[in-house]
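Chain letters run A, B, ... following the sequence lines, proteins first, then strands; residues in each count from 1.
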2 protein chains.
Amino acid sequence: MSDSEHAGGKGRRKPITARELARLIGVSQSAVSRAFTPGASIAAELREKILRHAAEVDYHPNAIASMLSRSRSNIVGIVVSDMQNPFYPALIEKLSRALQQVGLQSLLFNIAKGSNLEHQLSAVRRYNVDAVIVISATILSGATLRWVTEGRAAVLINRVVDGGELSCVACDNIAGGRAIADHFHQLGHRRVAYVAGLAHTSTNLERQNAFITRVAELGMTLGGHFDGGEYSYAAGRRAALEVAAKGNIDAVFFANDILAAGGIDAFRDEAGLRVPEDISVAGFDDIAMAGWPRYSITTFRQPLDEMVQVTVGMIEDGSCEPGQSATIRRLSGELIVRKTTGPFVSR
Amino acid sequence: MSDSEHAGGKGRRKPITARELARLIGVSQSAVSRAFTPGASIAAELREKILRHAAEVDYHPNAIASMLSRSRSNIVGIVVSDMQNPFYPALIEKLSRALQQVGLQSLLFNIAKGSNLEHQLSAVRRYNVDAVIVISATILSGATLRWVTEGRAAVLINRVVDGGELSCVACDNIAGGRAIADHFHQLGHRRVAYVAGLAHTSTNLERQNAFITRVAELGMTLGGHFDGGEYSYAAGRRAALEVAAKGNIDAVFFANDILAAGGIDAFRDEAGLRVPEDISVAGFDDIAMAGWPRYSITTFRQPLDEMVQVTVGMIEDGSCEPGQSATIRRLSGELIVRKTTGPFVSR
DNA sequence: CGAAGTGTTGCATACGTATGCAAAACTCGA
DNA sequence: TCGAGTTTTGCATACGTATGCAACACTTCG
């Protein structure tokens with residue numbers, strides 16, 4: 001039973017290295033490296049020869065060694081904390097695809113809500129990610145700032161931080177809040193309510209303030225302001241029950257679509273209200289489900305593709321590097337009127 | 001304007017290395033390494049001293065260098081191709097959390113449906129991931145097998161491959177298909193239909209065959225067998241319209257909940273059928289949405305937590321290494337009866 | 001007090017690729 | 001044919017940590 005190297009057994013055999021391949025062909029290891037480096041100084045002829053032999057012996061450059069040598073990982077850390085809201089998976093999917101498009105991989109840091117962030121942050125740092133994308137409303141601003149102080153490229157998506165040191169990409173929540181208020185007003189509603197997700201998050205504050213301000217400007221009454229405590233279906237349901245219990249509300253703006261979905265179900269099935277005949281409901285984000293007939297939620301659409309494009313652009317051109325002054329990109333969204341809002345009917 | 005090293009500016013300053021820290025304290029670089037390695041041979045006293053100084057100068061071990069040195073990355077590649085179905089984000093979230101729990105990070109490989117897999121597979125290989133978890137029904141069996149032949153630890157979730165060379169973790173789809181058939185039969189339905197997602201996937205085949213077989217055993221009639229072409233809301237809707245057009249069907253088993261959701265909406269809103277009075281509907285997976293009152297789908301629940309636990313276990317104990325004989329773990333699910341199925345009413 | 005045993009530390013090197021620099025090969029015009 | 005200019009190639013080293021091995025310190029027992 002010979003144990004020669006071409007045994008081809010099932011065990012994990014050590015992959016071939018650039019140096020071995022080089023010796024095999026009779027060139028230098030540098031040549032192999034250059035053959036796999038686009039734009040490197042190498043004759044086209046030699047490159048092809050090397051690539052051909054590489055394919056034969058199944059050589060793949062070791063990305064780890066490359067990272068160490070170049071002090072660059074080609075990996076982007078994506079920090080997320082809530083994958084239950086379909087908006088985030090949708091965003092992550094588009095992001096990771098766009099990043100792969102430009103040769104970057106996505107290392108997922110799925111941070112648990114309660115646990116100590118410090119420990120998780122240290123993981124982000126040990127892996128020398130080229131950039132960090134934070135897609136989370138729940139991370140404390142202080143900790144996030146510390147990363148950038150640490151000197152790492154970073155982009156916050158769907159969240160804006162005041163300090164002016166972090167680059168952000170977000171939808172124009174102000175315009176969104178106003179648009180919903182205008183829409184309610186146009187339909188004839190006069191007593192409206194707002195349901196928050198997480199009260200202290202920037203997205204919530206922006207939508208909330210814009211909505212409330214516009215409501216006042218238009219002479220409508222803010223009949224209530226509720227806080228779900230989280231951006232979830234269950235929270236929307238709870239808030240809706242409070243709204244229903246309070247009574248005398250024409251229209252409700254939920255801080256996002258998942259809340260709205262929970263709210264709509266609670267109104268219809270638990271509070272005995274018809275939507276939109278008895279009460280109008282609007283959400284935010286325009287997740288896929290919002291377009292389904294069972295919900296058909298009037299909402300403010302976030303420009304997902306554009307957000308992704310801008311974010312990847314910032315990472316590519318280095319404009320989110322710590323040296324640069326932070327960019328804040330506000331992308332405009334779009335009011336999508338569906339069937340959860342309708343004209344006011346006096347009762 | 002001095003340019004000294006403590007300038008503390010905003011630019012990305014190079015992180016301190018173990019060797020620098022060592023010189024600073026007056027110990028060897030090995031000592032620093034050992035201080036950060038649990039179980040290494042080092043005096044508790046010295047370790048504490050090193051860790052204290054490390055915290056002061058903000059030293060973090062470079063994970064890249066560690067990977068290269070140990071030929072082990074502590075990274076698990078997660079291969080996904082469809083994040084639209086909420087089942088997958090939910091699974092990924094739980095997986096990444098469980099992996100972090102045991103010190104592993106998740107590198108996300110979000111493979112595009114149409115594009116050439118070869119290119120993406122090579123990325124999986126260049127990063128020396130310790131293991132690969134495939135959570136995708138759409139990857140070709142041949143390509144997947146090639147990875148393992150390549151000699152990498154791998155686990156397939158929610159998909160079983162015949163060759164016996166790959167470890168798999170899956171729900172007992174056979175029992176699920178049977179349970180749905182039994183449930184339909186108990187309710188008095190006699191003419192049933194099946195709606196496939198992707199026809200050639202193992203999950204689909206198992207659910208389908210079990211269902212159809214049991215339907216025959218119980219003396220029911222298979223009134224139709226439809227193929228959505230993908231596991232999506234839109235596909236479910238299309239299939240439901242076909243079912244409705246065909247007519248004379250008592251109950252439909254959709255291959256998963258997303259299909260079922262689309263189907264239910266199409267029955268109710270487009271075909272004018274009541275669910276479950278006119279037609280019963282069952283799904284599979286028990287995604288969060290299936291429990292919402294608007295849908296309240298009767299479904300077969302996959303034991304998500306257990307699947308994650310088993311998968312991480314296989315990676316930890318190395319039982320999915322290429323040398324080992326492949327394990328196939330079948331986890332039992334549970335029929336969840338909700339409101340989309342009801343007793344047969346003669347028409 | 002010396003020897004054996006145990007626990008701790010440092011030295012030196014390996015991991016696999018990238019790249020500055022110099023040597024070599026090639027091109028082109030005089 | 002030779003030299004200047006350009007492209008291509010190889011050499012040598014750096015990247016930062018882990019670890020086998022030997023040296024060292026310390027404990028314990030005879």
[X]: side-chain contact (heavy atoms from CB on, under 4.5 Å) partners, not counting sequence neighbours:
| X | answer |
| --- | --- |
| Ile64(A) | Asn62(A), Met67(A), Ile64(B), Met67(B), Leu68(B), Asn128(B) |
| Thr17(B) | Arg19(B), Glu20(B) |
| Asn74(B) | Tyr127(A), Arg70(B), Arg72(B), Leu104(B), Asp130(B) |

Could you give the angle between the helix axes at the two ends of the helix from dC1(C)-dG30(D) to dA30(C)-dT1(D), with five pairs per end, rounded to 10 degrees?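 Result, rounded to 10 degrees: 40°.
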
Which residues satisfy the side chain to side chain donor-acceptor pair (under 3.5 Å) test with [X], sequence neighbours excluded?
| X | value |
| --- | --- |
| Gln84(B) | Glu93(A) |
| Ser319(B) | Asp317(B) |
| Ser96(A) | Asn110(B) |

Which donor-acceptor pairs under 3.5 Å do the side chains of residues 38-55 of chain A make with protein atoms, sequence neighbours left out?
residue, atom, partner, partner atom, Å
Arg47(A), NE, Ala35(A), O, 3.1
Arg47(A), NH2, Arg34(A), O, 3.0
Arg47(A), NH2, Thr37(A), O, 2.8

With a strict under 4.0 Å distance from non-hydrogen atoms of chain B, what nucleotide opens and what nucleotide closes the contacted stretch of DNA chain C, reading 5' to 3'?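 So the outermost contacting nucleotides come out as dT8(C) to dG16(C).
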
Per nearest nucleotide of DNA chain D, the residue lying toward the 5' end, Gly26(A) or Ala18(B), is Gly26(A)

Scan Ser33(B) against the nucleic acid and name what it touches under 4.0 Å (heavy atoms): base, sugar-phosphate only, or nothing. base

Which is true for Ser30(B) with a 4.0 Å heavy-atom rule: it touches a base, it touches only sugar-phosphate, or it touches nothing?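 It contacts base atoms.
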
Arg23(B): salt bridge (charged side-chain N to carboxylate O under 4.0 Å, His left out) partners, not counting sequence neighbours: none

Partner residues of Arg329(A) under the salt bridge (charged side-chain N to carboxylate O under 4.0 Å, His left out) criterion, sequence neighbours left out: none

What nitrogen or oxygen pairs link the protein and nucleotides 7-9 of chain D at under 3.5 Å?
residue, atom, partner, partner atom, Å
dT9(D), OP2, Ala43(A), N, 2.9

Is a donor on one side and an acceptor on the other found under 3.5 Å between the side chain of Ser202(A) and the backbone of Val160(A)?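 Answer holds: yes.
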
